[in-house]
Protein chains: 2
Amino acid sequence: MVERDGVRSKGQQDETRDPRAVLALLWGEQEQPTRGPKPKLTPRRIAAAAAELADREGLDAVSMSKVAGGFGVSAMALYRYVPGKTELVELMVEEVMGEGPEMPESGEDGRWREAVRAWTRQCADVYAAHPWLLTATALRRRALGPRQLRWLDAALAALEPTGLDGAQRHRVFLLLIGLVRNVAQQQADHEEEQSAEWDRLAADLLARHAERFPALTKAIADGAFQPDGIDPLEFGLDRILDGVEAVIGGRE
Amino acid sequence: MVERDGVRSKGQQDETRDPRAVLALLWGEQEQPTRGPKPKLTPRRIAAAAAELADREGLDAVSMSKVAGGFGVSAMALYRYVPGKTELVELMVEEVMGEGPEMPESGEDGRWREAVRAWTRQCADVYAAHPWLLTATALRRRALGPRQLRWLDAALAALEPTGLDGAQRHRVFLLLIGLVRNVAQQQADHEEEQSAEWDRLAADLLARHAERFPALTKAIADGAFQPDGIDPLEFGLDRILDGVEAVIGGRE
DNA sequence: CCTAAACTGTTTATGTCGTCAGCAGTAGGC
DNA sequence: GCCTACTGCTGACGACATAAACAGTTTAGG
């Protein structure tokens, strides 16, 4: 168990919070003031510190006071830079997304598989480095920052040589993040502290109810859940690429 | 915005909470007492009420006191049936999973595509009916209940005719829930209340930064994000099935 | 039958959280 | 130099999960 991640909104408003506020924040589109004392912080620095805290202690550990404490200021000071916690989490996501993937020179048609592969691997790396991303992005209707858009743009660009239309490219993109996120969740589970204990209990439970789950029992006997050197990410990626290839091939 | 979902664990222990407790709860493996007053509730009924509340008002609205209030008892009464909120959420998930998918008669080899398709559609239906499932299952190291296992078992069974080995079947299963969850998230986003407002703001933002996201701009002009009658679930499913087919075909 | 143990639900209390309101100090523009 | 926009702070509030102690209820065992 330990550190299960979670984000709440609490209270009741949040409905009144202006969508434009967080967008302006994400896109850096707000005029900064000239008068008054020099600000000690910036939204960026706050988000970076919060992300680091989440890396270290999980998303649950990210509270306004803890983040503020890291800067030696009071919790309420943060509200001068960030409308609320929800927005802070979105800034954290954006922060951690980095500058986007580094893509190989696309070149000719045949190389699109490599490009998509590169995109997927790098995206998976981000999720692996920041397990809380999974929970943080499981919220509804997140605001899109420029960095998230850059990732999306890169994926769509990599898919251009396939000749798929825009809608199809977008759907392939959805398949890819779905894969990445799912593999990330799997890995996060496995790296959990008491993972071995849970596995043992589950195995025991399954053994006692084997007849209720014949296919599962058979699959386990056949090597499921045993690490076999094949990365689930690579396997899934190959399946998706093959599937895309089938569409292309079937059409021309 | 409104009702963003979230689950927390709070306090600090939870590390001390016995994994066997929640497993016994999920599997109904606890001897019930004979002495003392008749219990007013059961874990099942509590979980069902909590799930209904989550359906109506979102996972955030599920608090111990609200759930207890629905039964006319105090919040602390629930702790006689459930170790804590974390475990309640796991019971909610299990509750909502139902009896598992109804699978067609598998019959001969050729029908496995239909079986997998049926599984995926039904799984997607569950997620569509209970949007909070996405958040509730985004936690780390969830305990597996019999119903979740039944879904897993059914998927693996549907994949048996493919001739894939156990590890591969498991990986295909991962691809499938990845797809289902991702599509569910997409749809939840779209059904959000102020969805149109967000779309408008995003479009405006993108128009102003079009040159930074050429592929995205092109894709949108090419019909991405426009509903075109093709269900993203079906599209993804076809790609995955084609990918699986490619493995089978390539091997024999 | 009667008592003690097991079990029920309740009240009270603690600590953490996000966030509102109001304050005192600061610094640039007039 | 003063007004004003800004800073960060303290205090308060309500919601939450949950620990602890208690009072009432049922049944098993003598």
Side-chain angles (χ1 to χ4, degrees), chain A residues 1 3-18 21 30-43 45-46 50 53 57-90 139, chain B residues 1 3-17 21 30-43 45-46 50 53 57-90:
Chain A
M1 317 274 277
E3 85 169 25
R4 298 182 157 249
D5 297 333
V7 177
R8 48 205 147 304
S9 61
K10 233 19 102 26
Q12 58 272 19
Q13 88 305 6
D14 215 23
E15 11 199 344
T16 51
R17 202 115 80 195
D18 193 355
Q30 26 186 22
E31 62 284 7
Q32 53 250 49
T34 60
R35 313 258 265 260
K38 292 284 172 255
K40 273 204 203 121
L41 306 173
T42 64
R45 286 186 58 205
I46 296 176
L53 179 59
E57 307 181 32
L59 192 53
D60 254 6
V62 176
S63 71
M64 291 312 238
S65 35
K66 284 220 197 82
V67 174
F71 289 110
V73 301
S74 83
M76 290 310 291
L78 300 190
Y79 286 87
R80 296 282 175 201
Y81 303 91
V82 167
K85 173 149 185 195
T86 325
E87 288 78 2
L88 172 56
V89 173
E90 304 199 355
L139 303 170
Chain B
M1 319 277 273
E3 83 169 27
R4 297 182 160 248
D5 297 333
V7 177
R8 49 206 147 304
S9 60
K10 231 25 103 23
Q12 58 272 19
Q13 89 306 3
D14 216 22
E15 10 200 343
T16 50
R17 203 114 80 194
Q30 27 184 22
E31 64 283 9
Q32 53 250 49
T34 60
R35 313 260 263 258
K38 292 285 171 254
K40 273 205 201 116
L41 306 172
T42 64
R45 285 186 59 204
I46 296 175
L53 179 60
E57 306 181 30
L59 191 53
D60 254 4
V62 176
S63 71
M64 292 309 238
S65 36
K66 285 220 199 80
V67 174
F71 289 110
V73 300
S74 82
M76 291 309 292
L78 300 190
Y79 286 88
R80 296 281 175 204
Y81 302 90
V82 167
K85 175 151 183 190
T86 325
E87 289 78 3
L88 173 57
V89 173
E90 304 200 355

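Bear in mind that the values here come from a model prediction, so they are computed numbers and not experimental data. Naming convention: chains lettered A, B, ... in sequence-line order (proteins, then strands); numbering from 1 in each chain.
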How long is the line joining CD of B/Q32 and C1' of C/dC7, in whole Å?
13 Å
Check step by step if side chain to side chain contact (heavy atoms under 4.5 Å, CB included) holds for A/V62 and A/K66.
CA-CA 6 Å; A/V62 176; A/K66 284 220 197 82; over 6 Å; no
Side-chain N or O of A/Y81 versus OP1/OP2 of D/dG8: is the shortest distance under 4.0 Å?
yes
Toward the 5' end of DNA chain C, by each residue's nearest nucleotide, B/S74 or B/P37
B/P37
Check against side chain to side chain contact (heavy atoms under 4.5 Å, CB included), A/L41 and A/L78:
CA-CA 8 Å; A/L41 306 173; A/L78 300 190; 4.1 Å; yes
Separation of C/dT10 atom P from B/F71 atom CZ, nearest Å, is 13 Å
From the options D/dT7, D/dT26, C/dT10, select the nucleotide whose nearest atom is closest to the side chain of B/R80.
C/dT10
Starting at the 5' end of DNA chain D, which residue's closest nucleotide do you reach first, A/P33 or B/S65?
A/P33
Please report the distance, rounded to the nearest Å, between CG in A/L41 and P in D/dT7.
10 Å
Whole angstroms only, please: what is the CZ-P distance between A/R35 and C/dC30?
7 Å
Gap between atoms CG and P, on B/L88 and D/dC16 respectively (whole Å)
14 Å
Taken to the nearest 0.5 Å, the spacing of A/R45 CZ from A/Y81 OH works out to 9.0 Å
A/S65 versus A/A75, closest heavy-atom pair with distance
CA-CB, 3.8 Å
Of the listed nucleotides (C/dG18, D/dC9, D/dA17), which one gets closest to any side-chain atom of B/S63?
D/dA17
Taking the side chain of B/Y79 as its heavy atoms from C-beta onward, which of C/dG9, C/dG18, D/dA17 lies nearest to it?
D/dA17
If you only use heavy atoms from C-beta on, which nucleotide in C/dT19, C/dG25, D/dA17 is closest to the side chain of A/K85?
C/dT19
Return the value, rounded to whole Å, for the distance between atom CE of A/M76 and atom C1' of D/dA12.
11 Å
Distance in angstrom units between B/K66 NZ and D/dA15 C1', rounded
9 Å
For B/R45 and C/dG9, what is the distance between atoms CZ and P respectively, to the nearest whole Å?
11 Å
With respect to the phosphate group of C/dG28, does any side-chain polar atom (N or O) of A/K38 fall under 4.0 Å of OP1 or OP2?
yes
Could you give the distance from CZ (B/R80) to NZ (B/K40), rounded to the nearest 0.5 Å?
13.0 Å
Classify the nucleic acid contact of A/A77 as base, sugar-phosphate or nothing, counting any heavy atom under 4.0 Å across all strands shown.
sugar-phosphate
